[in-house]
Amino acid sequence: MDQSVAIQETLAEGEYCIIISFLAVQGVLCEGDSRQSRLLGLVRYRLEHGGQEHALFLYTHRRMAITGDDVSLDQIVPVSRDFTLEEVSPDGELYILGSDVTVQLDTAELSLLFRLPFGSHTRMFLQEVTKACVGLDPATRDPEFQWLSRYRCAPPQEAGSPALRDWNSAPGTWPAWWRGALPGGSNFNNSRLNEKGLLVDQSSRGQDKPESLLPRQNKSKSEITDMVRSSTITVSNKAHMLSMQKFGLRDTIVKSHLIQKEEDYTYVQNFRFFVGTYNVNGQSPKECLRPWLSHGIQAPDVYCVGFQELDLSKEAFFFHDTPKEEEWFKAVSEGLHPDAKYAKVKLIRLVGIMLLLYVKQEHAAHISEVEAETVGTGIMGRMGNKGGVAIRFQLHNTSICVVNSHLAAHTEEYERRNQDYKDICSRMQFCQVDPSLPPLTINKHDVILWLGDLNYRIEELDVEKVKKLIEEKAFQTLYAYDQLKIQVAAKTVFEGFTEGELTFQPTYKYDTGSDDWDTSEKCRAPAWCDRVLWKGKNIIQLSYQSHMALKTSDHKPVSSVFDIGVKVINEELYRKTLEEIVRSLDKMENANIPSVSLSKREFCFQNVKYMQLQVESFTIHNGQVPCQFEFINKPGEYSFCKQWLNANPNKGFLLPDSDIEIELELFVNKTTATKLNSGEDKIEDILVLHLKGGKDYFLSVSGNYLPSCFGSPIHTLCYMREPILDLPLETISELFYNRCLKTYCTTMSEKMN
């Protein structure tokens, strides 16, 4: 959900204040072991004189920010000359492409560390901040940020109103560029600074709140076993992704050929996947999860663990944070297989639906293109009490999408469940690294793993009949009445998906803390609500079972272990394949480069006379590629030839193996004769014949001109004692020069007198 709309409501508009853009992203402020959720908003302000200034607004929030009442301004960090926001890789953390992004905010006065969710929204936010920093021109004066003064002063406090938030002052002063910057001689002598020396809001939005409504400080994650490491993307790789250009035509062809020849340079290697789902009914973890996650199995290469109904409280529906997230994250981390070390790739949550992805540390370097998205299908078809979350990633050369969903409840609502599934499929879209490419949908992946509380029930049988068949372990008889089986057979949902045989008893509904069926007033009929399905090639299901030992919830957790064949690149074969493709393209491009042959490239015009046309011709013979030709201008010139020369035609199109005759026409008239008579110009020129998509051909033109009285000044002719044709060129040039100089001097003398 875009929360910038809520923050926009908190911003003021002055007489000359125009908020022209606002971009917000939700992140986590990391201070030691403390983790506090913050909304980061980049505010751009247009000044009266036409310039603009930027500031980073940090907000606390009580819940998913929908209106301005849901957020409270905590700090303002002006984007000044010493402002930097850089991506960092915390020490000891594994590099996994696509994990959350850690950024370091630094100014002369403070240093803050934030963790932002990986994805297109964060990429856009970081790009906008970079633009704001780049926009500070060293030649311009320092920014003054006068428009931020409205956030400095608190309004008069009415009697009986709650006390203002206790802002802690810190020693020190504001940077020099803040002092005396406010209009009317205002300064910051009366301003109050927080402990970080930041400008803070003292308005009524900062009033004390009950402790339960203040942003929750997460428990220390240092307690979590070091088998689990949060991961982030390195600065260099992220910067490369942000600046990645669109594929050119050649790159697109190479990529297309590589996909077609994928089998030539890849081999299939099996990776062990653990896929688990657990509806925890709003409970906190009360027992070890190893009987579900790691007992009796070989250490998986990848863990995909999903939860539903993580928190059933009303606060969880509106608040973004819930303590249950960290509790279950810690419980899962401690329950992973003890024979391997794992890195957390991604955690994504929508209200009570949470999905965790872990990978063995040795495989972390081969995880890339990680994206996570959510789709709500609950109240009004949009809210997050029902819906799905998904993580997509690339493992070696295979694309994988893991979906965790919680569909509509109640036996009679199977059509609503069908619609929830269709909504998740249609609305779940993953942005690609290259923004010019269309988003990926769930079905655009090699492997799809779908888990969750799908909520399909047993129909047409009463409760006692269902329980009797369970006691007899007649699971296949009971399975015939399973709504999901019926809907899949009717091809209304999960078309193309596969589910393993159900050899375990229904996982819902039990009395909490026991293995007894529901004894409440509603007395729900048992059902296989919790399921795991898959779609793709090279997938073998090794196990599919429930885990009766866990009794925390009214559901039993379900797990499925797979061997999934992943395409792994053989680097040597890949290099050879790429070289073959490039050579083939080079050969094809060379074969398709236009090429012509010219019957003649040097042209000599003998004894050119005034007003007498001379013509030389040559033939262009085309090769096997259609081509377009044209005589082009030489650098620094305005025409492809001199005034006395022309090419006819000077451009055209040639079909394969065709010819065209070009005529070079030389004609001297009164415009061009003067310079030729005086020797200032000669019958010399170079023509450039250009082939579009091909090379250039150079044609040499030369000759001699016979001077004549035509085009020569009468006063110059008067000084000639012999016919102009009999005079040496040097004599003619001297006569022209001397006569021009004398004429110039006479003209200047007349002007002076």
Side-chain angles (χ1 to χ4, degrees), residues 28 30 87-103 115-119 122-123 221-222 224-241 266-276 293-294 297-306 329-330 332-348 354-372 390-402 404 430 432-433 445-447 449 561-571 574:
V28 176
C30 306
E87 296 164 49
V88 296
S89 295
D91 295 336
E93 294 198 349
L94 289 178
Y95 159 72
I96 296 183
L97 183 62
S99 296
D100 293 345
V101 180
T102 302
V103 296
R115 189 177 288 272
L116 307 179
F118 183 82
T122 294
R123 288 200 297 271
K221 292 189 178 179
S222 62
I224 299 176
T225 171
D226 61 3
M227 287 191 301
V228 182
R229 301 283 180 86
S230 298
S231 307
T232 187
I233 185 169
T234 60
V235 178
S236 59
N237 278 274
K238 185 65 189 299
H240 170 70
M241 291 171 66
T266 62
Y267 61 93
V268 176
Q269 177 180 333
N270 282 336
F271 286 78
R272 180 93 15 122
F273 278 66
F274 176 95
V275 180
L293 298 175
S294 57
I297 62 172
Q298 175 185 326
D301 297 298
V302 180
Y303 271 100
C304 310
V305 183
F329 167 69
K330 181 179 178 182
V332 171
S333 300
E334 293 174 344
L336 300 180
H337 206 288
D339 294 342
K341 289 188 176 182
Y342 292 90
K344 185 197 79 174
V345 177
K346 197 71 176 174
L347 181 155
I348 183 72
M354 184 170 78
L355 179 61
L356 284 160
L357 178 65
Y358 299 86
V359 65
K360 277 185 177 178
Q361 285 190 0
E362 57 263 35
H363 302 315
H366 303 290
I367 296 285
S368 63
E369 300 181 29
V370 180
E371 287 283 349
I391 300 173
R392 65 91 49 203
F393 60 98
Q394 191 92 358
L395 176 57
H396 286 279
N397 218 42
T398 296
S399 60
I400 301 172
C401 183
V402 185
N404 174 24
F430 305 94
Q432 299 201 59
V433 173
H445 292 84
D446 298 324
V447 173
L449 301 172
V561 178
F562 297 94
D563 270 348
I564 298 180
V566 171
K567 292 172 286 188
V568 179
I569 294 177
N570 181 310
E571 295 296 337
Y574 175 82

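This chain uses plain numbering: 1 for the first residue, then up along the sequence. In what follows, every heavy atom counts, from backbone to side chain, and hydrogens, waters and symmetry copies are set aside.
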Fill in: By ring pair (Phe, Tyr, Trp, His ring centres under 6.0 Å) - contacts of Tyr303 (at least two apart)
Phe274, Tyr342
Worksheet item: Rounded to the nearest 0.5 Å, how far apart are CG of Asn397 and OG of Ser368?
Response: 9.0 Å
Discussion item. Please check: side-chain N/O of Arg392 versus main-chain N/O of Glu369, any donor-acceptor pairing under 3.5 Å?
Written reply: yes
Worksheet entry | Nearest non-hydrogen partners of Ile297 and Leu293, listed with the distance | CD1-O, 3.5 Å
Worksheet item: Do Val268 and Val566 come close enough that some side-chain heavy atom pair is under 4.5 Å?
Response: no
Practice prompt. For Lys360, check salt bridge (charged side-chain N to carboxylate O under 4.0 Å, His left out) against everything at least two apart and list the hits.
Written response: Asp301
Worksheet, complete the sentence: Shortest non-hydrogen pair, Val402 vs Leu355, comes out as O-CD2, 3.5 Å
Worksheet item: Would you say Ser294's side chain and Gly335's backbone share a donor-acceptor pair under 3.5 angstrom?
Response: yes
Item to complete: Mind running side chain to side chain contact (heavy atoms under 4.5 Å, CB included) on Gln269 and Val568 for me, showing each step along the way?
Response: CA-CA 7 Å; Gln269 177 180 333; Val568 179; 3.8 Å; yes
Practice prompt. Name all residues meeting the ring pair (Phe, Tyr, Trp, His ring centres under 6.0 Å) criterion together with Phe271; count only those two or more places apart in sequence or in a different chain, and write none if there are none.
Written response: His363, His396
Worksheet item: Taking atom types as modelled, is there a side-chain donor on Thr398 or Asp446 under 3.5 Å from an acceptor on the other?
Response: no
Worksheet item: How long is the span from the CD atom in Gln394 to the NZ atom in Lys567, to the nearest 0.5 Å?
Response: 8.0 Å
Practice prompt. For Ala364 and Val359, work out which heavy atoms get closest and say how close.
Written response: CA-CG1, 4.2 Å
Worksheet, complete the sentence: In this structure, OG of Ser399 is separated from NE2 of His445 (nearest 0.5 Å) by 5.5 Å
Worksheet entry | Lys346 charged N/C atom sitting above Tyr358 aromatic ring, 6.0 Å / 45° | no
Discussion item. For the CD1 atom of Ile391 and the CD1 atom of Ile348, what is their distance to the nearest 0.5 Å?
Written reply: 7.0 Å
Worksheet entry | SG on Cys30 to CZ on Arg115, rounded to 0.5 Å | 6.0 Å
Discussion item. Measuring only between side-chain heavy atoms, which start at C-beta, is Ile564 closer than 4.5 Å to Asn270?
Written reply: no
Discussion item. Could you report the tightest heavy-atom contact between Asn404 and Met354, atom names first, then the distance?
Written reply: ND2-O, 2.8 Å
Discussion item. Closer than 3.5 angstrom, by distance alone: can the side chain of His337 be matched with the main-chain N or O of Asp339 as a donor-acceptor pair?
Written reply: yes
Discussion item. As a quick check of understanding, evaluate side chain to side chain contact (heavy atoms under 4.5 Å, CB included) for Leu357 and Val302, giving each step before the final call.
Written reply: CA-CA 7 Å; Leu357 178 65; Val302 180; 3.7 Å; yes
Worksheet, complete the sentence: Smallest heavy-atom separation, Leu395 atom then Ile400 atom, equals CB-CD1, 4.1 Å
Discussion item. For the CZ atom of Phe562 and the CG atom of Leu449, what is their distance to the nearest 0.5 Å?
Written reply: 6.0 Å
